[in-house]
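In what follows, a single structure is set out as C-alpha cells and then discussed.
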There are 2 protein chains.
Amino acid sequence: MTDALVIFTPSGKRGRFAFGTPVLTAARQLGVDLDSVCGGRGICSKCQITPGYGEFSKHGVTVTQDALSEWNAVEQRYKDKRGLIDGRRLGCQAKVMGDVVIDVPPESQVHRQVVRKAATARAITMDPATRLYFVEVEEPDMHEPSGDFERLAKALQRQWDVPEITAGLEVLRKLQPVLREGGWKVTVALHKDHRAGPHRMLDIWPGLYEGGLYGLAIDLGSTTIAAHLCDLRTGAVVLSSGVMNPQIRFGEDLMSRVSYVMMNPGGDIEMTRAVREGMDALIADIAREAQISGREIMEAVIVCNPVMHHLFLGIDPVELGQAPFALATSGALNLDAREVGLSTMNPAARAYLLPCIAGHVGADAAAVALSESPETSEDLVLVVDVGTNAEILLGDKRRVLACSSPTGPAFEGAQISSGQRAAPGAIERIQIDPVTKEPRFRVIGCDLWSDEDGFEDATEATGITGICGSGIIEAVAEMRMAGLVDGSGLIGSAEQTGTWRCQPEGRTHAYLIHDATATGGSRITVTQGDIRAIQLAKSALYAGARLLMDEIGTDRVDRVVLAGAFGAHISPKHAMVLGMIPDAHLDHVTSAGNAAGTGARIALCNVAARAGIEATVGRIHKVETAIEPRFQEHFVAANAMPHAVDPFPELGQVVTLPAVSFNSGEGASGGRRRRRG
Amino acid sequence: MTDALVIFTPSGKRGRFAFGTPVLTAARQLGVDLDSVCGGRGICSKCQITPGYGEFSKHGVTVTQDALSEWNAVEQRYKDKRGLIDGRRLGCQAKVMGDVVIDVPPESQVHRQVVRKAATARAITMDPATRLYFVEVEEPDMHEPSGDFERLAKALQRQWDVPEITAGLEVLRKLQPVLREGGWKVTVALHKDHRAGPHRMLDIWPGLYEGGLYGLAIDLGSTTIAAHLCDLRTGAVVLSSGVMNPQIRFGEDLMSRVSYVMMNPGGDIEMTRAVREGMDALIADIAREAQISGREIMEAVIVCNPVMHHLFLGIDPVELGQAPFALATSGALNLDAREVGLSTMNPAARAYLLPCIAGHVGADAAAVALSESPETSEDLVLVVDVGTNAEILLGDKRRVLACSSPTGPAFEGAQISSGQRAAPGAIERIQIDPVTKEPRFRVIGCDLWSDEDGFEDATEATGITGICGSGIIEAVAEMRMAGLVDGSGLIGSAEQTGTWRCQPEGRTHAYLIHDATATGGSRITVTQGDIRAIQLAKSALYAGARLLMDEIGTDRVDRVVLAGAFGAHISPKHAMVLGMIPDAHLDHVTSAGNAAGTGARIALCNVAARAGIEATVGRIHKVETAIEPRFQEHFVAANAMPHAVDPFPELGQVVTLPAVSFNSGEGASGGRRRRRG
C-alpha cells in the first residue's frame, strides 16, 4: 500500500493520499480550512495540527504512531524558538505515512469563528477582506524582462490562486527595495474586493511579516464616534474607544446641522473637516493606546446615519433635510481611507461604508440589520436602535420593513432638567414604593442601592450628579406606576399624590428624587417638562414601530431587540410600561448591545457579509415616517400614559393601576385615544 | 404594406422596419454607426442623415419623396437656430414611411476616421474612452428610496446600455445640485475602462452639455515634454505645445539623473515634483492658449521612456541604472490624473500610461509600435526612434523584436562643437562639392541655399548660429563622400584633402563650413571630436539594429521607418552613407514623424487600441543590448566609415569612393572589421 486515508476533524473531510504527502497539501486538496501564510515553507507556523496518535479505531481508522513522518528539524527549530504545544505538528512538515485522523485546532483555521459577547448573538466567521500572503517572487531576467510588480502578480497567482492584483503608487514605490531586502521572498497584504475587481495590494514587507494586521469597526454617530480595533487574524477586539463627534459645535442634532449648512454656505465643508479630523484623531489615539503603528491598520468599516454619511463623504446633506429626503448615493462605498481624510492608517488602507437603507435610515441601520439578521428570523422581530433618531426594523424571513423615528435626545439624558450622559454618578436605576412613594436608586459606578448600607461611602467620590437616559425612563415609568403621574402625563401635587416629594415648580410640579444641596450636592428632580420630553420621545418611537406593524398587518410582535448603547441599559419592563415599545412577552425583549458597531465588526471580519448586507438592504422595504399621516396619528395616540397594563401574567411585577387623573384639563382623553396591541 | 426596407450607406446595412420607425432607431437596431448624445430627443443634432431622395432604383430600391415622414418643427427649430445643410434630416425625427436609402455622413458617425498627417499613416478610428451621455433620471420617490446616483446608474443602463458606473467623491458632491438644476435631465462624461470594471463618471452637467471635451496625448521625453490637445469628439488636434523637461537641471541624460538619485537620497522625490509640475504647467498653458477650461480636459495618455516613467510615477529609478534593469512595473497604468500631480485638468480626469516593453524600452517605444504596427507588416520593417536613447523595433506580422541603444545626445546636436538644437539659424542641410570641397548649406527658417541669391538678406535676422542634429549627420556623411574623412573617421589635413577648409585644430583637423567672425558672427566647423561623437552614436544605433537582425536571422530589412522629431528631418541617404541604419532601398526609408506622440494620440482617441498595444507589447521579444556581447562586437565594427557604398543602383547620388586613409595609425582596419548587409 502506497497511499493512506486521511480524515480531518472537525470538518470530517477525508481522502486518500500518497505516502509522503504533506498534511497541508492534503488539507488544501480536500478544501479543509487549514491556515498558512508562508504557503508551506515551514516558517509561519499557522498550519499547526494535532494528529490523533494512539486513538485506535477512531472514525473507523486504525491510527498508528508512525502514521505521520517523524518530527523534523524545522519543527524542532520552531518549537525551540517560539514554542509548540505538545502533540502539535506543523502541517507543512508532517507527511502522511499511514491512515490518520488529524484535528485542525480553532487557531489554525482560517475561517475560525469568533464568539460575540451578547448572549443571543451568532458567532462571526473570520474571512476578512485583508489577508497576508507570503510569496516567493522570481528574480528579474534581462532576457525575459517584466516588471517586478508583474512577477509578483504571477507568483501570487501560482502560489495562492490570486487571479489579479492592483496597487497604488505608494506601494509601488516600496516594491523594489522590499523585494530585494527580502531576497525575493515577501509578505503582502491583499485586500479583496467583495464585488468584482482585482485584489488590491495594501502593503509589502521583506520576508515573513510578523507584525500586526488590524482593522477598525467605526460607529460614526451624531454625538459620539466609537471605534473598535480588531485583530484581522484572530477577530479579537483589541481595544475600543470613542470621542465626541466634533460636529456637535455645529448643532446637537442632525437637523440643526443640516440647518447650519443651509444658513452657512460652505458649512458642510467645515463639518466634513471636523468629523474627519475627529475620526482621524481617534484612530491615532487608539493606535497609541494599543501600542501599534498606524500602518498596521489596513481598513475601516464605517457605519453612520445618512446625514453623517453625507457629511463624512463631503456631500452637502441639504437634500436630506427636506422631502423627498433623497440620498446622493445609497449604495455601499469602497474608498481609499486617505480620500476621506483618514491619514493615520496605512497609506493604502481602505474604508468601507455600509449601504444606506433610505434618506432617514442609514448605514447604521443596515449594520443593525447585519448584526441582528431579521431577514432570517422565524418569528416576527422588532429591532429598535434608540439614539437621537431611532432606527426601527420589523420583519421575519419573509419580509423586513424599516423606518426611522425622530425621538430627539431625551433618551440620551439631554433636554432633561437633571439629565446627564451615562457616567459615574448618574442615576441609572430607580424604584418608587407604590405605598410610601419613596424612591431608591442606583448610580453608575456603584452596585449598591441608595437605601443599602455603605451607599453613601461608596458614592462619596463620584457624588450623585444627575439622571442618565435609562434612569429617566425608569423614573417616569415608576412615577406612573406609583400614581404620581396621571394618564396624560401630569405630575400631581403633594395633596393629590400624598407625598411631600411632589413639590410645586412654577405652574406645575416636580418629583424630588434626591437633595444634597445642604451638603453642597445636587438636587435631582423629575419635572413636568422632563415628562413631556420623554412623552414626545417615546411616542415617536412607538409610532414608528406601530407604523411598521400596520404595514405588515399585525397587532403584536413576537420579540423585541433593543439595540444601541442605550438599549443595553434600558429596563424592558419600564420601557413597556412607558409605552416606548409594543407589548411583548418580557422574556422576549432582549438587548443586542451596540448592534450597529457589531454589524460594522461583522463586515470587517467577514468580507462576504458585505455582499450579503448589500443584497439584504436592497430587499428591505422602507417606510417614510415623515410624510405618513398614520405616523402622526400613532404619535398623537401614543402620547398618553393611560395606565400601566399587564398584558401578560408573567409581568407580575407591573402593578396595574386605576387610570389616575389629577385634573380634567390636560390629556384626559388620552386613555381613549391610546391604542395598544 | 406597413413596413419598409431601409438601407444605410456607407455601411450597406439593411433591414425592414415598421412605418413610423425613427431612422435613429432603425440605425441602432441594425448596429449602424450613427451618433447621438441626447438619445433621440431632438436636441443634440448629432444624428444628421441624408436620405437618398429622388435616387430611383439606387441599391435596387425605389426611393420616393415620401419615404420619410415630413420635415418637422423640431428640425425646423434646430435649422433656424444652428443651421442644417440642405438635404439633411435629424435621424431621431425623420420616420421611415417607405423604402429608403439613407447616408450617414462622416460627421454623424461615432467611429469616424481621423486622417493622420503622415502620408504613410493609417487613419485613427474614433472611439475614445471618454464620451458624453445625455440622460433623463427618475425623480426620487420617498416610497421607493434610492440614491440619486443609483437612479442615474439605472437610467444610464436603460437608456444607454451602460452596465455599471462608479464615481469619485468630487463628482458625487456635484450630483444632487446638478440633477435638480437640469430638471433631472443631465449630461454625464463617462470614462470606459478598456479592461474590466465599471464606467467611471468624470463629470456631470445640467441639461445637454455643449462645452468642450478634450484629451491630451503627452510625449514625456527626457529633454522636452510635448502635448497635443485633442478634441475627443472629432479627433482633431486642436493645439500642440511643449516645454523643456524641468528635470534637465538634475542631469542632461537619463543616466545622469539616475546617478543624481543614487548620490542624493530623496533626489527622486525632487525630480518627480519637477516633472509633474512641468507637465501641469504645460497643460495650464495649453488650456489658456486654446481658451478652454482645464475642467474640459478629461484625460491624458502619457508615453515616456522607463526612467521618466518611474520618476513621473514617483518610483526611484535606481534599478533601471544597473543590470538586470528591472522595472518596478511594466504594465499599462490607469490612474487618477490628480494622483500624479496633474491638477489643471478635470478633477476626476484620468491618466493612462502605455506599458513599458523592457527596462530600457519604454512606453514611448510601445507608442511607436502602436503608431507603426510592425506586428501587422507584411514585409520586414525596422522602426528606429532616435533620441538620446534610440528605440529600435524590427519585425513583421510573424514576430517583432525590440531593443534600445544608448546613442547619446550627439544626434540632437548636443556634445557637438558647433552643435545646437533645431531652431532658426541652425544649419540643417549641407552639401560638399566632391571636386572643389566647397560647402553649401541651408539653415532653419530660410528656404534658400547659402550660395543662392538673397540668402544673406534672408538670414540676416537669425544669423547662422550652429548645426542641428540632421545638419551634423549630413555634414559628416558629405565630408566622407568628398574624401575629407577617411575610413576610420579621421579628418585629413589641407594637404591630404586639397582644401584650405581643413584646418589644424590641436593635434587633429577641423573642416570649416562657415566663418562670419569678421562681422561678429559665428565660426562653424566640424571637428575631429564631432566626428568621434557621431561615430559613437551611429555605431550604437547600427549595432542595435544589427543585433535584432541577427536575432531574426537576416542580413537586410525591407524597409526602414525613422521616427521621432529628429527622424522627420534626417536625410535617409546621408544616414545610410554614415552607416546609421542598415542599407535598404532609399524609397523604402520613410519618416513617421513623432510616432511616439502619434501612438499616444491613437490610444487617446481609440480605447480599444489600449488593450491592443498591451497585448502586442506582451508578444514583443525584447533584446537587452547592455549585456549582449554581440552588441559590443557590432558596435566596434560599426565605428568605421570605410567607404560610401551604393548597394542599389537607384541610389545614384551617392558617390562611391576609394577607401581613403590618411594615416595608418587610427582605425585603419575599420574596413575589415566592418560588416554590412
Less than 4.5 Å to any heavy atom of chain B: does that hold for the side chain of A:Leu152, its backbone, both, or neither? neither

Nearest atoms (heavy-atom pairs only) where B:Ala328 meets A:Leu175: O-CD2, 3.4 Å

Pick one of side chain, backbone, both or neither for A:Leu313, based on which atoms fall under 4.5 Å of a heavy atom in chain B. both

When rounded to the nearest 0.5 Å, the distance separating OG1 of A:Thr329 from CZ of B:Arg151 is 10.0 Å

How close do B:Gly314 and A:Arg173 get, counting heavy atoms only, and between which atoms? O-NH1, 2.8 Å

Nearest heavy-atom pair of A:Gly147 and B:Ser330: which atoms, and what distance? N-OG, 3.0 Å

Relative to chain B, which segment of A:Gln176 carries a heavy atom at a distance below 4.5 Å: side chain, backbone, both, or neither? side chain

Counting heavy-atom pairs under 4.5 Å to chain A, which of B:Leu179, B:Leu169, B:Ile315 comes out on top? B:Leu169

Just how far is it from atom CD of B:Glu170 to atom CD of A:Glu339, taken to the nearest 0.5 Å? 9.5 Å

Specify which of A:Glu144, A:Glu139, A:Arg180 makes the most heavy-atom pairs with chain B at under 4.5 Å. A:Arg180

How far apart are the closest heavy atoms of A:Pro324 and B:Met142, and which atoms are they? O-CG, 3.4 Å

Check whether A:Arg195 gets within reach of chain B through its side chain, its backbone, both or neither, counting any heavy atom under 4.5 Å. neither

A:Glu150 (side chain) donor-acceptor with B:Leu327 (main chain) under 3.5 angstrom: no

For chain A, find which of B:Gly618, B:Cys356, B:Gly331 contributes the most heavy-atom pairs closer than 4.5 angstrom. B:Gly331

Calculate, to the nearest 0.5 Å, the distance between atoms NE2 and NE2 belonging to B:His143 and A:His621 respectively. 9.0 Å

Between the NZ atom in A:Lys622 and the CG atom in B:Asp141, the distance rounded to the nearest 0.5 Å is 11.5 Å

